Amino acid sequence: MARMYYDEDANLDLFKDKTVAIIGYGSQGHAHALNLKDSGVNVIVGLYAGSKSKPKAEAAGLTVKNVDDAARTADVIMILLPDEVQKQVYTNEIAPHLTQGKALAFAHGFNIHFGQIVPPETVDVFMVAPKGPGHLVRRTYEQGQGVPCLFAIYQDASGQARDRAMAYARGIGGTRAGILETSFREETETDLFGEQAVLCGGLSALIKTGFETLIEAGYQPELAYFECLHEVKLIVDLIVEGGLEKMRDSISNTAEYGDYTRGNRVVNEQTRAEMRQILKEIQSGQFAREFVLENQAGKPGFTAMRRQEAAHPIEEVGKDVRAHFSWLKQK
Ligand code: NAD
Ligand code: MG
């Protein structure tokens with residue numbers, strides 16, 4: 001098993017006389033900024049003029065500057081903007097302040113790996129990518145735990161890039177749970193593959209197709225919703241706790257037999273071939289090019305797909321069902 005690193009492997013003293021700028025105060029941004037501050041690191045938040053996050057960050061006791069000032073002041077600059085806006089903000093407001101010895105950091109490798117951002121050779125470039133959404137990065141930290149992180153070095157100009165990455169991971173609580181070393185390439189390609197084929201794309205399509213099949217055959221939408229969407233969580237919780245084995249131990253023998261004999265017909269050799277193709281499109285840069293161009297064009301396809309997906313019958317049924325079952329509202 002690959003080596004995990006913990007608190008004792010990381011030295012937060014490296015940031016003692018340093019300032020860390022967190023650019024963006026969204027899902028990841030608020031969590032990194034608050035955790036670093038609580039870890040005793042000197043943090044500033046960089047936001048665009050008129051950002052709605054400004055009062056929130058200030059109310060939480062953080063110093064807020066515009067992106068340009070934050071990048072000028074800081075020694076370590078962590079970019080936590082949406083991936084598709086990073087290049088523009090980097091070029092206009094961050095790059096001019098990347099003097100020798102500073103460090104540029106990311107929570108996902110997309111812009112570096114696909115050459116959208118090309119930092120000067122005189123700065124460190126590292127990644128600390130929490131394997132969980134921002135609210136968990138914050139909540140687990142407050143509870144004395146942390147979210148496991150991946151870390152990677154793209155460029156080591158100071159000779160300290162790796163130590164700095166590990167110190168950063170400690171500051172946000174990552175080394176409490178354990179951090180694992182990777183490369184920008186590996187993190188980017190596996191992250192994109194996971195979200196496209198399994199977690200977001202694959203799972204949404206599986207849920208919708210199951211729901212549609214039951215509706216088409218005349219069953220009640222509420223039942224189809226429970227069977228194909230709601231119960232996913234119950235099953236996934238068991239799998240995460242104890243692997244497929246634990247899930248199979250707690251379902252009925254009927255369900256277990258159905259699992260073994262029918263699952264591979266749903267996700268079959270054709271699905272496997274398609275997954276390989278999706279991975280190739282990620283590795284070749286085809287997906288990245290499509291996403292970058294889509295954003296440059298003003299997101300016409302993205303916007304249309306969002307509208308279409310929001311109108312899917314499963315969303316209507318879901319709203320009704322969730323409103324009627326009060327126990328579903330408690331999370
Ligand atoms: P987000 O969308 O939650 O937050 C982005 C922040 O940037 C917001 O505060 C927003 O107001 C600000 N912003 C948006 N457009 C801007 C612009 N043009 N100029 C300046 N600021 C702007 O983003 P996120 O989900 O926290 O993602 C940040 C990074 O973290 C990405 O690289 C992402 O891949 C990575 N990441 C996210 C998660 C996650 O679970 N959300 C997990 C791991 C890594
Ligand atoms: Mg991802």
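Nothing fancy with the numbering, it's 1 onward along the sequence. Read the numbers this way: they start at 1 and go in the same order the structure lists the ligands and their atoms. These figures come from a predicted structure and were not determined experimentally.
- The residue among Leu80, Ile79, Leu81, Ile22 with a heavy atom at the shortest distance from atom 12 (C) of ligand 1 is Leu81.
- Ligand 1 has a nitrogen or oxygen under 3.5 angstrom from a nitrogen or oxygen of Asp83.
- Those atoms of ligand 1 with a heavy atom of Tyr25 less than 4.0 angstrom away are 9 (O).
- Note: Phe226 and His230 have perpendicular aromatic rings, judged against thresholds of 30 and 60 degrees for the angle between ring planes.
- The pair Arg185-Glu189 counts as a salt bridge, with a side-chain nitrogen and a carboxylate oxygen less than 4.0 angstrom apart.
- Atoms of ligand 1 found under 4.0 Å from any heavy atom of Val89 (numbered from 1 in listed order, with element): 19 (N).
- One finds no salt bridge joining Lys319 and Glu315 here, because no Lys/Arg side-chain nitrogen approaches an Asp/Glu carboxylate oxygen to under 4.0 Å.
- Close contacts between ligand 1 and Pro133 involve ligand atoms 40 (O) [criterion: under 4.0 Å to a heavy atom].
- Comment: Arg248 does not engage Glu245 in a salt bridge, judged by the lack of any side-chain N to carboxylate O separation of less than 4.0 angstrom.
- Taking every heavy atom of His108 and a limit of under 4.0 angstrom, the matching atoms of ligand 1 come to 32 (O), 34 (O).
- Ring geometry for His32 versus Tyr168: interplanar angle of 30 to 60°, hence tilted.
- For ligand 1 and Pro130, the ligand atoms under 4.0 Å from any heavy atom of the residue are 43 (C).
- Interface atoms of ligand 1 facing Gly26, defined by a heavy-atom separation under 4.0 Å, are 3 (O), 4 (O), 6 (C), 8 (C), 9 (O).
- Contact check on Asp75 versus Arg164 returns no salt bridge, with no Lys/Arg side-chain nitrogen under 4.0 Å from an Asp/Glu carboxylate oxygen.
- With Tyr90 as reference, Leu98 is the one residue of Ile23, Asn111, Leu98 to meet the side-chain contact (heavy atoms from CB on, under 4.5 Å) rule.
- In terms of N/O distances under 3.5 Å, ligand 1 is approached by Gln86.
- A salt bridge links Asp69 with Arg72: the distance from a Lys NZ or Arg NE/NH1/NH2 to an Asp or Glu carboxylate oxygen falls below 4.0 Å.
- Interface atoms of ligand 1 facing Gln28, defined by a heavy-atom separation under 4.0 Å, are 26 (O), 30 (O), 36 (N), 37 (C), 38 (C), 39 (C), 40 (O), 42 (C), 43 (C).
- Closest heavy-atom approach to atom 5 (C) of ligand 1 among the candidates Pro82, Ala49, Gly24, Gly132: Pro82.
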